[in-house]
S.K.: 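Input: one structure, supplied below.
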Number of protein chains: 2
Amino acid sequence: MDECMTGTRRSLLSEKKRQQLAGRLAAIDHRGLLGLHEVAGAGSVRGAAERLGISASALSRQVARMEEDLGIMLLERHGRGARVTEAGALLNDYFEEQRARLDGVVAQLQDITEARRGQISLGTGEGFLWHLMRGPLRGFAQAHPQLHMELSVGSTDQLVAQLLDDSIQMAVLYNLPPDPRLQSHAARRHPMRIVVAPGHPLHRLGRKITLQDLRQHRLGMLTGSHGVRQLLLSAEHGERVRLEPQLRSNSARALLRFAEEWGGVVITAAFAVAPEVLEKRLVALEAESGILEGAEAQLVTRRGRRLSPAAQQLLRHLAAHTPILRAS
Amino acid sequence: MDECMTGTRRSLLSEKKRQQLAGRLAAIDHRGLLGLHEVAGAGSVRGAAERLGISASALSRQVARMEEDLGIMLLERHGRGARVTEAGALLNDYFEEQRARLDGVVAQLQDITEARRGQISLGTGEGFLWHLMRGPLRGFAQAHPQLHMELSVGSTDQLVAQLLDDSIQMAVLYNLPPDPRLQSHAARRHPMRIVVAPGHPLHRLGRKITLQDLRQHRLGMLTGSHGVRQLLLSAEHGERVRLEPQLRSNSARALLRFAEEWGGVVITAAFAVAPEVLEKRLVALEAESGILEGAEAQLVTRRGRRLSPAAQQLLRHLAAHTPILRAS
DNA sequence: ATCCATCGTTGCGTCCGGTGCAACGCTTGC
DNA sequence: GCAAGCGTTGCACCGGACGCAACGATGGAT
């Protein structure tokens, strides 16, 4: 009924629509309405035709076709000129209203084209939040007040998943595992550091910290879905060390409080603790590990995705004006 | 180039509009928007094309042309299907809004077609007011609550002038002089009567009144622009009688008060004093005059004018349900 | 990792609809 | 009564939209 008869069914459907939709709705096209509008304004078919740059016969036929399709008279043919009937005036009002509305839509499209208006969704790791919010993101938002932004904060693989299903357009993340489906637009190496409170025993060592050193202290770690945790696992494997964290959390903020107030040790990038280091509430010690050295912060999108103009502009803006993403 | 100035001028105008109007506004035609809407709903070009009963290639081209004209991406080509971009969603919203609005307009057009809605303007002589308001006009208005009526009360030649310049669609009038530009849809002879208060000397005569009889009494007359007055002038001329009215007024109502309370004499049709005769405040006496016998009440329109459906229906209704217009 | 089903797109021949020109009927003003 | 407008119609023509077939590309299935 539905597959073997598609041809017939299509014909019937088309025939039905010819009389239902096309007969009433599609009969009202932009051209006919414009013609009617000009006739209403000019007061004559010929005058309106001259305004439109077409012949009077063409315009006459346009209106005649609309009348035929709608089954109602739109013009009072008046020997000397023509006036719109009540129905014609109704359609003319409709046209003018839609035209004004359309102007607004076109203006909004223009805004979208020039990235003055739009919806941008980006994701970021928790560690970038402070830098993004006070710096480039804030500047961009101030420069584009009509731009709506949605900021999704999550772990690396959460962000990757959101990138892949297009629920975010771009993401700033740390320690991204290689993925051909993603495209990097800016990257900078940020070695992982050992973060402790000032005066901590590791701080007093005065040298680079090895993974072995960490075994004697209380560790705090992100849960497994974060790129930081993944890289650390690789380092443990490479150096044959197994680290047992005292505190696991999906919140980097919680871990920093753990280091600051509980005297714990946290491994993360320096930029992620920039405010605390500035206020001298924490210190970031260098680590003695090749693997931890290679960690990168990246600005990525899904490869092959066509971004909106606003998103493209934000992408360029972030790549250019985010110090922690600029290659040194 | 091809036709001296006109051809070139048209080309330039067309070229200008190609970039101004057509480039932004006319690019958004009903067909393209419908296609975009279906793609947005179906999630794929092919599915939308199947719904529309056209080929996928045609639909693809429609959207591509809109994107070209607007200079902005409307679809996210997604390998597996297609989704609308923000700009596409904006246009789709616009389309759905206009479609809903259009449904309303079409419904209103339907109402106009079926005379459920509309604007009717009619004129009438003062003498018909009582009959029309209580009878056929009231019934018609109750049967069509959405119909707006404009009732113009005036003298015969005022109404004729309004008919000829189309400011009223039809008129009920008395003693219409023959006019080829007007068309009568219903007519009934209503001889003019001599109207006096009960007990008036003319009443006590107990016979038909001649124009000579009138010379001995105080007459009230309408001013010259009324058909009644014109006919009476003809009768005076035919019977070699000159009547000198005591009161002239353009208000028939004033003349009736003149007859009722001042003991005056007024010449008019019987229907024009129907309520007063019913209440026995006036009597209508027959006149002895061939000319006054031929007076007619008529329902007329301008010949050649195409009336609105509502007006046509009112015309038929008045012709059928107005006793003073039905040929006995 | 490979295959293939499906998607969107493009080249090309075809056809329909809109258009312009000229002529006609009609109304209006001189 | 005549001429100048108006709106409309017959006819030939042209351009744009369409369908068909084939082509890259993507994503899931094996």
Side-chain angles (χ1 to χ4, degrees), chain A residues 6-7 10-11 14 18 22 26-27 29-32 34-36 38-39 42-50 52-69 73-85 88 164-166 180-181 302-306, chain B residues 2-3 6-7 9-11 14 18 22 26-27 29-32 34-36 38-39 42-50 52-69 73-84 88 164-166 180-181 302-306:
Chain A
T6 44
R10 268 186 213 159
S11 294
S14 183
R18 261 282 175 70
D29 61 343
H30 190 270
R31 185 174 307 174
L34 178 61
L36 180 66
E38 288 298 332
V39 174
S44 71
V45 176
R46 280 191 137 85
E50 182 141 4
L52 291 170
I54 63 177
S55 69
S57 60
L59 184 51
S60 173
R61 264 188 271 261
Q62 285 178 8
V63 180
R65 191 174 63 83
M66 288 186 68
E67 288 176 331
E68 174 102 11
D69 292 339
M73 233 62 178
L74 299 178
L75 288 183
E76 282 184 9
R77 274 79 172 177
H78 198 265
R80 202 69 157 197
R83 281 207 305 270
V84 290
T85 65
L164 291 179
D165 69 3
D166 286 343
R181 298 170 300 181
R302 183 173 69 75
R303 186 179 300 275
R305 175 163 192 193
R306 189 108 177 90
Chain B
D2 38 6
E3 287 179 282
T6 49
R9 190 160 154 269
R10 272 184 205 163
S11 294
S14 184
R18 261 281 174 71
D29 61 342
H30 190 271
R31 186 174 306 175
L34 177 61
L36 180 66
E38 288 297 331
V39 173
S44 72
V45 176
R46 279 193 141 85
E50 183 144 2
L52 291 170
I54 62 177
S55 69
S57 61
L59 184 51
S60 173
R61 264 188 274 259
Q62 285 178 7
V63 180
R65 191 175 62 84
M66 288 187 69
E67 288 176 331
E68 175 100 13
D69 291 338
M73 232 64 178
L74 299 178
L75 289 183
E76 283 184 10
R77 274 77 172 182
H78 201 263
R80 204 68 159 200
R83 283 206 306 269
V84 290
L164 291 180
D165 69 4
D166 286 342
R181 298 170 298 181
R302 185 173 68 75
R303 187 178 300 275
R305 174 162 192 194
R306 190 105 177 92

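To find a chain, count down the sequence lines: A is the first, B the second, and so on, and within it residues start at 1.
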S.K.: When every nucleotide of nucleotides 19-30 of chain D is labelled 5' to 3' by its protein contacts under 4.0 Å (heavy atoms), B for base, S for sugar-phosphate only, - for none, what sequence of letters results?
M.R.: BB-----S----
S.K.: Under 4.0 angstrom, heavy atoms only, what part of the nucleic acid is B:Ala82 near: base, sugar-phosphate, or nothing?
M.R.: sugar-phosphate
S.K.: Just how far, in rounded Å, is P of C:dT9 from CD of B:Glu76?
M.R.: 13 Å
S.K.: Does A:Gln62 have a side-chain nitrogen or oxygen under 4.0 Å from the phosphate oxygens OP1 or OP2 of C:dG17?
M.R.: no
S.K.: D:dT9 C1' sits how many Å from A:Glu67 CD, rounded?
M.R.: 15 Å
S.K.: Nearest whole angstrom, please: distance from the P of C:dC16 to the CZ of A:Arg65.
M.R.: 16 Å
S.K.: Under 4.0 Å between a side-chain nitrogen and a carboxylate oxygen: does that hold for B:Asp166 and A:Arg83?
M.R.: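 The answer is yes: the pair qualifies as a salt bridge.
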S.K.: On DNA chain D, does the nearest nucleotide to A:Ala64 precede the nearest nucleotide to A:Gly81 from the 5' side, or the other way round? Give the residue.
M.R.: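 Going by which nucleotide is closer to the 5' end, it is A:Gly81.
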S.K.: May I have the distance from B:Asp29 (atom CG) to D:dG16 (atom C1'), rounded to whole angstrom?
M.R.: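 Rounding to the nearest Å, CG of B:Asp29 and C1' of D:dG16 are 12 Å apart.
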S.K.: Please state how far atom CG in B:Leu164 lies from atom C1' in C:dT28, giving the value in whole angstrom units.
M.R.: 13 Å
S.K.: Does a salt bridge link A:Glu67 with B:Arg306, judged by any charged N lying under 4.0 Å from a carboxylate O?
M.R.: no
S.K.: Are there over 12 heavy-atom neighbours, none belonging to A:Arg77, within less than 6.0 Å of that residue's CZ?
M.R.: yes
S.K.: How long is the line joining CD of B:Glu50 and P of C:dT6, in whole Å?
M.R.: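 The distance from CD of B:Glu50 to P of C:dT6 comes to 13 Å, rounded to the nearest Å.
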S.K.: Is the shortest distance from a Lys or Arg side-chain nitrogen in A:Arg302 or B:Glu76 to a carboxylate oxygen in the other one below 4.0 Å?
M.R.: no
S.K.: Would you please confirm or rule out a distance under 4.0 Å between OP1 or OP2 of C:dG17 and any side-chain N or O of B:Arg31?
M.R.: no
S.K.: How far does CZ of B:Arg65 sit from CG of B:Asp29, to the nearest 0.5 angstrom?
M.R.: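 Taking CZ in B:Arg65 and CG in B:Asp29, the distance rounds to 5.0 Å.
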S.K.: Without decimals, in angstroms, what is the distance between B:Met66 CE and D:dG16 P?
M.R.: 18 Å
S.K.: May I have the distance from A:Arg83 (atom CZ) to D:dC6 (atom P), rounded to whole angstrom?
M.R.: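 It works out to 16 Å between those atoms.
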S.K.: More than 12 heavy atoms of other residues, nucleotides or ligands under 6.0 Å from CZ of A:Arg181: yes or no?
M.R.: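 Atom CZ in A:Arg181 is not packed in, count stays at 12 or less.
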S.K.: Can you name the nearest heavy-atom pair linking A:Val45 to A:Val39, along with the distance?
M.R.: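 The pair with the smallest heavy-atom distance is CA-CG2, 4.3 Å.
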S.K.: Looking only at side-chain N and O atoms, does B:Ser60 come under 4.0 Å of OP1 or OP2 in C:dT9?
M.R.: yes
